*Asks:* 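Attaching a single structure in structure tokens format; questions to follow.
Residue numbers begin at 1 in each chain, while the letters A, B, ... track the order of the sequences. All heavy atoms count here, side chains included; hydrogens, waters and symmetry mates do not. All values derive from a computational prediction rather than experimental measurement.
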2 protein chains.
Amino acid sequence: MELQEKLHNKGLRLTQPRREVVAILNAAASPLTPQSIYQRSVERKSDIGLVSVYRTLELLSELNLVRRVHGRDGCHGYVLASPGHHHHLVCRKCGKAVEFSGSADLSEFITKIQKETGYKINEHILQLYGICPKCQEERQ
Amino acid sequence: MELQEKLHNKGLRLTQPRREVVAILNAAASPLTPQSIYQRSVERKSDIGLVSVYRTLELLSELNLVRRVHGRDGCHGYVLASPGHHHHLVCRKCGKAVEFSGSADLSEFITKIQKETGYKINEHILQLYGICPKCQEERQ
DNA sequence: TCCTTATTGAAAATGATTTTCAATAAGGAA
DNA sequence: TTCCTTATTGAAAATCATTTTCAATAAGGA
Ligand SMILES: [Mn+2]
Ligand SMILES: [Mn+2]
Ligand SMILES: [Zn+2]
Ligand SMILES: [Zn+2]
């Protein structure tokens, strides 16, 4: 389902700031903080308010169009998320993030933990960190 | 390796605030924020400064005695971590967290992603969320 | 017990996020 | 197109979280 459509279903509007945030995230390829999204909007002379960036990210999160990326250091970057369940793999050097899906492979594992602990597991965060192909070359 | 020992190796001291933070986390069973650790220390009349809580958590993180827990909502809870690699499973109702280890089961999966993406993966975050046995009963 | 120095904590500084509220602009209706 | 309703914006202030500073303190080895 498209952003436009999702918004419409809820009586919400497709506004300039919302377009901008999506456009910036779309061009980014690595997780961005609210601050850095705002900065890019200034560079692009789109001049949207920082407050709107926060509000838009919250909205996009609810709509599952954006996902929060955690890190041991700087938490809370946001990346555009394609529909469906999946996770992110982030390069520690350049920040480049790629998506991967792997619920199937994990579900077996999760079932096992469920049995062992007695918990009923209904959600998880899985994030991988490493070095992307490009940065591996540069390392030589 | 014990806290006492780890500190000693680095020429650091086992102080009252450090004891307190560990004691509070030890009694907690669910991830605590710096603020809530501080509050408990006030309740316990141990009267350590909030600043020391932050500093102690940072130190304990470096020593791998404490782990940060992320959530989609309130990030940055801390739990005591037993030595070795493992993850946490958190109850969404009462917050109770349990540890589980599963590197073996995951490594296969990670190798696969590594091949698919070309990234060299060297770290990951895995956190599970669900309902603990106790809270499942109360649900009736 | 004494001395060195790692550590503490109050206060201030900084930074991130949220709230408020009057002005604006989406977008449906006419 | 024009008009109208109301969701949305953004500047500023308020709030909350985290870090820095620095003089006073207390670990803990000698
Ligand atoms: Mn986080
Ligand atoms: Mn693991
Ligand atoms: Zn890279
Ligand atoms: Zn529970």
*Asks:* Tell me: NE2 of A/His76 to P of C/dT17, nearest whole Å?
*Replies:*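 Taking atom P of C/dT17 as the reference, NE2 of A/His76 is at 8 Å.
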*Asks:* Where the side chain of B/Leu50 is concerned, which of D/dT18, C/dA16, D/dT9 is the nearest nucleotide?
*Replies:*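 When the side chain of B/Leu50 is considered, D/dT18 is the closest of D/dT18, C/dA16, D/dT9.
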*Asks:* Starting at the 5' end of DNA chain C, which residue's closest nucleotide do you reach first, B/Asp47 or B/Gly11?
*Replies:*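 Of the two residues, B/Gly11 wins.
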*Asks:* Which of these, B/Val66, B/Leu57, B/Asn26, B/Leu32, sits in a side chain to side chain contact (heavy atoms under 4.5 Å, CB included) with B/Val21?
*Replies:*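 The passing option is B/Leu57.
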*Asks:* Specify the separation, in whole Å, of atom OH of B/Tyr54 and atom P of C/dT7.
*Replies:*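 B/Tyr54 atom OH is separated from C/dT7 atom P by 20 Å.
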*Asks:* From CD1 of A/Ile48 over to C1' of C/dA26, roughly how many Å is that when rounded to an integer?
*Replies:*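 Atom CD1 in A/Ile48 sits about 16 Å away from atom C1' in C/dA26.
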*Asks:* Round to the nearest Å and state the distance from A/Arg13 atom CZ to C/dA26 atom P.
*Replies:*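 To the nearest whole Å, that distance equals 9 Å.
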*Asks:* Can you tell me the distance, in whole Å, between the NZ atom of A/Lys10 and the C1' atom of C/dA26?
*Replies:*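 Distance, rounded to whole Å: 19 Å.
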*Asks:* Any chain of hydrophobic side-chain contacts (each under 4.5 Å) joining A/Ile125 to B/Leu89?
*Replies:*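 Different clusters: A/Ile125 never reaches B/Leu89 through Ile, Leu, Val, Met, Phe, Trp or Tyr contacts under 4.5 Å.
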*Asks:* Just checking A/Glu116: does its CD atom have more than 12 heavy atoms from other residues, nucleotides or ligands closer to it than 6.0 angstrom?
*Replies:*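 Counting neighbours around CD of A/Glu116, more than 12 heavy atoms of other residues, nucleotides or ligands fall under 6.0 Å, so yes.
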*Asks:* Sort by first number and list every stem of DNA chain D: at least 3 consecutive Watson-Crick or G-U wobble pairs, both distances under 3.5 Å.
*Replies:*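 DNA chain D stems, ordered by first number: C:1-30 with D:1-30.
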*Asks:* Between atom CG in B/Leu57 and atom P in D/dT19, what is the gap in whole Å?
*Replies:*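 Whole-Å distance recorded here is 11 Å.
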*Asks:* Same cluster or not: A/Ile48 versus A/Leu25, using hydrophobic residues (I, L, V, M, F, W, Y) connected whenever any side-chain heavy atoms lie under 4.5 Å apart?
*Replies:*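 Same cluster.
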*Asks:* In this structure, which one of B/Leu80, B/Val22, B/Leu3 forms a side chain to side chain contact (heavy atoms under 4.5 Å, CB included) with B/Leu65?
*Replies:*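 Only one of B/Leu80, B/Val22, B/Leu3 forms a side chain to side chain contact (heavy atoms under 4.5 Å, CB included) with B/Leu65, namely B/Leu3.
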*Asks:* Could you state the CD-C1' distance from A/Glu58 to D/dT9, rounded to the nearest angstrom?
*Replies:*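 Atom CD in A/Glu58 sits about 15 Å away from atom C1' in D/dT9.
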*Asks:* Taking only side-chain N and O atoms of B/His8, does any of them lie within less than 4.0 angstrom of OP1 or OP2 on D/dA27?
*Replies:*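 Checking D/dA27 against B/His8, no side-chain N or O comes under 4.0 Å of OP1 or OP2.
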*Asks:* Hey, which of these two, A/Thr15 or B/Thr15, hits DNA chain D nearer its 5' end, going by closest nucleotide?
*Replies:*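 Between the two, 5'-proximity favours A/Thr15.
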*Asks:* Do other residues, nucleotides or ligands put more than 12 heavy atoms under 6.0 Å from the NE2 atom of B/His85?
*Replies:*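 Yes.
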*Asks:* Listing time: all N or O pairs from protein to nucleotides 20-22 of chain D that are below 3.5 Å?
*Replies:*
none

*Asks:* Looking at A/His124 and A/Ile110, what are the two nearest heavy atoms and their distance?
*Replies:*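 So the minimum-distance heavy-atom pair works out to ND1-CD1, 3.6 Å.
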*Asks:* Could you give the CD-to-C1' distance, from B/Gln16 to C/dG9, as a whole number of Å?
*Replies:*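 Atom CD in B/Gln16 sits about 14 Å away from atom C1' in C/dG9.
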*Asks:* Does C/dT7 have OP1 or OP2 under 4.0 Å away from a side-chain N or O of B/Arg18?
*Replies:*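 Checking C/dT7 against B/Arg18, a side-chain N or O does come within under 4.0 Å of OP1 or OP2.
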*Asks:* Just wondering, more than 12 heavy atoms not from B/His8 lying within 6.0 Å of its NE2?
*Replies:*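 Count not over threshold, so no.
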*Asks:* Counting only heavy atoms from other residues, nucleotides and ligands, does the tally under 6.0 Å from CD of B/Glu123 exceed 12?
*Replies:*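 More than 12 heavy atoms, drawn from other residues, nucleotides or ligands, come within 6.0 Å of this atom.
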